[in-house]
Amino acid sequence: MDFQSRQENNVTVVTVSGRMDALTAPVFQDRMSGLIAVGDTVLVVDLALLEYISSAGLRSILTIAKALKSKGGQLIFVNVTGTVRDVFDMSGFGTIFPMHGSLADALGVLG
Amino acid sequence: MEFTTATFDAHVELLDDVTVFIEEKADLFGLDIKRKMGLLVAIEEAFVNVCNHAYPKGSGQVKFSCGWEGDLFVVEIADSGKPFDMLSLPEPDTTSDIMEREVGGLGVYFIRKFCDEIYYRRENENNIVRLVVRHRSGQE
């Protein structure tokens, strides 16, 4: 799994690629916690290049979402496709998180 | 059906080794990327379950056997831990809001969703889970 973050229109955009499994999900969680710790509250996560996610990945996402929500922040996903999309839909994550078909859409909604 | 077998210590750290073993066989079988990724999710969930729950008093092993016949790809996962039928677990919560949500139970749920057939049997003091994935889904 590869994790990158950048600022775009005052929003933190995170790109995760590869596979998020029981071994790599803790890395995602640590990196996201780091962003929250320095004050980022709106995090847009681009999963276009993520080919795999298991329940361990969902657990990390949920932990981060709860931490963000308690600070009044928000977690938004873009480009969720393939098996990752299936996992989101099966678990109901596809309805509890804002999901957008492209980064431009998400940034547009955030204004 | 001829099975290829590999045995691993039941440590989550070995997940990559398990994945490589299964993925190589799934590629030989010709499973498409979407069905393969689904199967690998099921394999991870099953392996992590054994690592976390089968051997509460010490360490143990997990044996993976896989093979195929016709359009069926079969993986059997055997451990010698305490009797546990994952198919007896209730369906997980998939509707609560973020703050109320727990992720417990989703692993087994994914195994059910991504595999076409699942069987559990207790044999010679072993838990054996048999996962079956078809080359193509019935609708295609």
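Just so we're on the same page: letters track the sequence lines, and every chain starts at 1.
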hydrophobic_cluster_shared for A/I96 and A/I76, side chain cutoff 4.5 Å: no
Step by step, would you call B/D85 with B/S88 a side-chain hydrogen bond (donor to acceptor under 3.5 Å, both in side chains)? CA-CA 6 Å; B/D85 177 5; B/S88 67; 5.0 Å; no
Report which part of B/S96 has an atom under 4.5 Å of a heavy atom belonging to chain A: side chain, backbone, both, or neither. backbone
Co-membership, hydrophobic cluster, residues B/Y120 and B/I118, 4.5 Å side-chain: yes
Membership question, hydrophobic clusters at under 4.5 Å side-chain separation (ILVMFWY): are A/F93 and A/I64 in the same one? yes
B/E45/B/R112 salt bridge by N-O under 4.0 Å criterion: no
With only heavy atoms counted, which part of B/V41 is less than 4.5 Å from chain A, the side chain, the backbone, both or neither? both
Charged N to carboxylate O below 4.0 Å: is that the case for A/R19 and B/E23? yes
When you compare the side chains of B/S80 and B/Q61, does any donor N or O come within less than 3.5 Å of an acceptor on the partner? no
Find the distance between CD (B/E2) and OG (B/S65) and round it off to the nearest 0.5 Å. 12.0 Å
Using a 4.5 Å heavy-atom cutoff, which residues in residues 54-61 of chain A come close to chain B? A/S54, A/S55, A/A56, A/L58, A/R59
Who wins among A/T95, A/V87, A/T83 for the most heavy-atom pairs under 4.5 Å with chain B? A/T83
State whether B/R134 and B/E117 are salt-bridged, where the test is any N-O pair (Lys NZ or Arg NE/NH1/NH2 against Asp/Glu carboxylate O) under 4.0 Å. yes
Can you confirm whether or not the ring centre of B/F73 sits under 6.0 Å from the ring centre of B/H135? no
Could you tell me whether B/D97 and A/K69 make a salt bridge, using a distance below 4.0 angstrom between a side-chain N and a carboxylate O? yes
Using non-hydrogen atoms and a 4.5 Å limit, figure out which bit of A/I53 sits close to chain B: side chain, backbone, both or neither. backbone
Those residues of residues 21-44 of chain A, ordered by number, that approach chain B below 4.5 Å (heavy atom to heavy atom): A/D21, A/A22, A/L23
